Structures are given as C-alpha cells and as structure tokens.
Amino acid sequence: YFKRILSISRQPFTQQSELIITQDITQQEQLDDAQITFVANVSHELRTPLTVINGFVETLSDIPDLPLEQRQTFLGLMQKEGKRMLNLLTDLLTLSRLERGQSTAGDFQQFNLSYMVNQVIEATQNISKGQHQFIIDVEPDIYFYGLESELYSAFSNITFNAIRYTPAQGVITVQLSRSDTDHAIFSVTDTGIGIAPEHIPRLTERFYRIDNARSRQTGGTGLGLAITKYALAKYHSTLEIESIFGEGSCFKAVLPVIEKEK
Ligand code: ADP
C-alpha cells in the first residue's frame with residue numbers, strides 16, 4: 001500500500017532520528033503506467049505486421065524463381081499487413097486528435113445525420129457481402145451540428161463491429177430515431193457472439209480486446225470503441241452497451257438536441 005501511494009525519502013535529521021518526507025505520487029505513477037502500456041501496445045501492434053512483411057520480402061528476394069501463384073499469395077499477404085499498419089496509424093492519429101480536443105479537418109457544420117447513417121449502413125453491407133441480414137429503421141432528416149467525419153467514425157466503428165462479431169446469417173438491426181427528450185438515438189443490435197458482463201466496462205479502453213486473435217483476423221485495430229467514446233464525448237453524447245454472452249449485443253449512442261435545417 002505504501003509503496004503505491006507514497007514515495008518516501010529518508011534524510012538524516014539529528015543523530016538519533018531521521019526526517020521522513022512523504023509525497024503522493026499515485027496519480028503520476030498511474031499516468032506513467034498508462035503511457036508505458038500504451039507505447040508497448042503500439043510497438044507490439046506494429047511489430048507483428050512488419051515481421052510478416054520482412055519475412056516475405058526475404059523469401060521473395062532469396063528465391064527469385066518462386067512460382068507465380070506463390071508470389072501472388074505472398075504479395076497479397078504483404079499488402080494485407082501493410083493495410084493493417086495503415087489502419088492502425090490512421091486510428092492512432094484520429095484518437096490522439098480527439099484526445100487533445102483537436103478537430104480533424106474543416107469546420108463544424110450542420111449535416112443530415114440520417115443520410116450519414118445510411119452511408120454507414122451501405123459501407124457495412126459492402127463489407128458483409130450478403131452474409132448478414134440487415135434490418136434498417138432510420139428516421140429521415142435528423143440534423144446534427146458538428147464535424148461529420150467524427151460522427152462517421154463513431155458510428156461506423158460500432159456498425160462494423162456488429163458484422164465482425166456476428167457469424168454469417170446473423171441479423172444486424174440499425175436504428176436512428178428522435179427520442180421524446182430532444183435527443184437522437186443511434187443503435188446497432190446484433191445476434192452475434194455477445195460479451196460477458198465483466199468485459200463491458202473495459203471495451204472502450206485503448207487496445208482492450210476480448211479475443212485478440214479474432215479481432216486481428218477481422219482487421220480490428222483495438223482502437224475502434226476508444227475512438228467512438230472520445231468522439232461521442234466531444235458532442236456530449238453517451239454510449240450504452242448491453243449484451244448477453246452467446247446471444248448478441250446492443251450498442252446505443254444518445255446524442256443531445258439536434259438543430260433542424262431552416
Ligand atoms: P477491435 O478493433 O478489436 O474490434 P474495438 O475497440 O472496436 O476493437 O472493440 C473492442 C473489443 O470489444 C473487440 O475486440 C471485441 O472483443 C469487443 N466487441 C466490440 N463490438 C462487439 C460486438 N458487437 N460483439 C461482441 N464483441 C464486441
């Protein structure tokens with residue numbers, strides 16, 4: 001307990017006694033720990049794809065007459081790993097801008113949130129390639145004031161996750177509606193693998209994943225929900241997560257009052 005809370009330095013005071021100076025370093029220590037963990041995570045995430053790429057480069061240069069088919073496979077895998085690094089760096093930049101309260105680009109403006117949600121759904125359906133069934137219920141012409149790209153990131157991370165953690169034939173329900181209390185509610189419900197209760201409070205932590213292998217396999221960076229959380233917080237919005245392990249999950253964003261276009 002004392003080791004964690006106090007830094008203790010002993011200095012000779014008189015010949016018979018000594019002066020003990022205590023200082024609360026808990027907060028600083030926690031920040032340092034978080035920083036060290038973060039750097040370790042980023043390094044690990046970048047190291048893995050780089051190792052794969054380097055391995056293939058070596059093979060390709062060692063065996064110049066490798067059959068064309070095998071060459072193509074290796075190049076395809078290298079491209080996939082390169083894309084993974086790019087995704088990670090893009091997510092890191094987005095997150096650090098959000099954390100520092102900086103905007104990505106452009107000014108705030110009023111935009112059609114309903115239209116944007118339909119774009120997110122279209123992008124998700126493209127990735128799903130017909131493997132999932134979609135139920136879509138988007139109230140038209142809900143307007144929002146902010147930076148469209150940030151809301152797009154927040155909503156697409158939730159929606160992409162729904163298909164990534166739902167096996168084929170699963171059902172994804174995407175809804176956007178105005179609530180009675182001058183709020184808009186965006187929700188994505190899936191019939192996927194679900195989340196055990198102990199994980200739910202930690203899902204928005206950077207690099208927190210329940211199943212590392214599954215997340216990587218589906219192209220996850222482990223930063224999606226952290227970005228969603230920061231982006232929503234910027235607009236005084238909240239994220240509610242409900243899930244039943246083995247049955248499915250529901251991610252719901254509640255956004256404050258929306259200005260209507262004149
Ligand atoms: P990742 O890139 O790993 O998906 P996220 O921050 O988007 O990172 O999500 C963190 C973790 O939350 C995921 O690794 C996954 O374990 C869990 N998760 C997120 N969305 C869902 C979902 N719809 N169903 C089940 N688990 C989910």
Side-chain angles (χ1 to χ4, degrees), residues 34 37-38 40-49 80-99 117 120-121 123-125 127-128 131-136 150-175 185-234 237-253:
T37 310
F38 182 65
N41 279 330
V42 172
S43 312
H44 177 75
E45 294 297 327
L46 288 173
R47 199 188 158 97
T48 313
K80 191 175 161 209
E81 294 301 320
K83 211 168 151 200
R84 183 200 298 282
M85 282 197 293
L86 204 62
N87 285 344
L88 176 64
L89 290 171
T90 308
D91 276 0
L92 279 171
L93 281 174
T94 307
L95 191 61
S96 86
R97 282 197 191 105
L98 281 166
E99 278 178 332
V117 168
V120 169
I121 295 169
T124 316
Q125 284 174 321
I127 302 171
S128 160
Q131 289 188 76
H132 302 92
Q133 189 195 326
F134 282 81
I135 297 173
I136 299 160
E150 289 178 340
L151 264 297
Y152 189 94
S153 296
F155 286 7
S156 61
N157 288 337
I158 295 175
T159 322
F160 291 171
N161 277 348
I163 58 164
R164 290 171 51 222
Y165 300 103
T166 301
Q169 313 306 329
V171 182
I172 315 291
T173 307
V174 186
Q175 289 171 301
I185 298 180
F186 170 76
S187 71
V188 179
T189 312
D190 65 54
T191 57
I193 59 174
I195 305 156
E198 67 269 23
H199 294 294
I200 293 180
R202 302 197 57 192
L203 293 185
T204 56
E205 286 176 23
R206 297 178 292 188
F207 295 116
Y208 189 83
R209 292 152 157 151
I210 299 165
D211 179 348
N212 266 329
R214 190 186 184 109
S215 161
R216 288 212 179 82
Q217 198 194 332
T218 55
T221 63
L223 296 174
L225 290 179
I227 290 175
T228 298
K229 183 185 102 176
Y230 274 101
L232 290 178
K234 179 169 171 178
S237 308
T238 52
L239 178 66
E240 294 167 16
I241 307 171
E242 281 173 21
S243 188
I244 299 176
F245 185 59
E247 288 193 18
S249 312
C250 175
F251 287 72
K252 192 195 276 183

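Whatever order the structure lists them in is the order used to number ligands and atoms, beginning at 1. Since the model is a prediction, treat every value here as computed from it, not as a measurement. Counting begins at 1 with the first residue of the sequence.
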Treating [X] as the side-chain partner and [Y] as the backbone partner, does any N or O pair qualify as donor plus acceptor under 3.5 Å?
X: Ser237; Y: Ala233; answer: no
X: Arg206; Y: Asn41; answer: no
X: Thr221; Y: Leu223; answer: yes

Quiz item: Can a non-hydrogen atom of Phe160 be found less than 4.0 Å from any atom of ligand 1?
Solution: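 Per 4.0 Å heavy-atom rule, Phe160 does not contact ligand 1.
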
Self-check item: Arg214 touching ligand 1 at heavy-atom level, < 4.0 angstrom
Solution: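 The answer is no: ligand 1 sits nowhere under 4.0 Å from a heavy atom of Arg214.
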
Tell me which part of [X] gets within contact of ligand 1: side chain, backbone, both or neither, using heavy atoms under 4.0 Å.
X: Phe251; result: side chain
X: His199; result: neither
X: Asp190; result: side chain
X: Ile195; result: side chain

List the closest protein heavy-atom neighbour of [atom]: residue, atom name, distance to the nearest 0.1 Å.
atom: atom 16 (O) of ligand 1; value: Ile210 N, 3.2 Å
atom: atom 24 (N) of ligand 1; value: Tyr165 CB, 3.4 Å
atom: atom 3 (O) of ligand 1; value: Ser215 OG, 2.5 Å
atom: atom 12 (O) of ligand 1; value: Leu203 CD2, 3.4 Å
atom: atom 11 (C) of ligand 1; value: Tyr208 O, 3.6 Å
atom: atom 5 (P) of ligand 1; value: Leu225 N, 3.6 Å
atom: atom 7 (O) of ligand 1; value: Asn161 ND2, 2.8 Å
atom: atom 8 (O) of ligand 1; value: Gly222 CA, 3.2 Å

Quiz item: Short N/O distance, under 3.5 Å, between Ala226 and ligand 1?
Solution: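 No, since none of the N or O atoms of Ala226 sits under 3.5 Å from an N or O of ligand 1.
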
Practice problem: Report yes or no: do Thr189 and Thr173 form a side-chain donor-acceptor pair below 3.5 Å? | Solution: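 Not at all, the side chains of Thr189 and Thr173 share no donor-acceptor pair under 3.5 Å.
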
Quiz item: Can you tell me if Asn161 and Arg164 form a side-chain donor-acceptor pair at under 3.5 Å?
Solution: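 Side chains of Asn161 and Arg164: pair found under 3.5 Å.
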
Which of the atoms of ligand 1 are close to [X], meaning less than 4.0 Å from one of its heavy atoms?
X: Gly224; result: 5 (P), 6 (O), 7 (O)
X: Gly220; result: 2 (O)
X: Ser249; result: 24 (N)

Atom [atom1] in [X], atom [atom2] in [Y]: separation rounded to 0.5 Å?
X: Phe207; Y: Phe38; atom1: CZ; atom2: CZ; answer: 5.5 Å
X: Ser153; Y: Asp91; atom1: OG; atom2: CG; answer: 8.0 Å
X: Ile193; Y: Ser249; atom1: CD1; atom2: OG; answer: 7.5 Å

Quiz item: Is the shortest heavy-atom distance from the side chain of Lys234 to the side chain of Leu98 under 4.5 Å?
Solution: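 They are in side-chain contact.
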
Quiz item: Are Asn157 and Phe251 close enough that some pair of their side-chain heavy atoms sits under 4.5 Å apart?
Solution: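 They are not in side-chain contact.
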
Quiz item: Does Glu45 pair with Arg209 as a salt bridge, N-O distance under 4.0 Å?
Solution: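 Result for this pair is yes, salt bridge flagged.
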
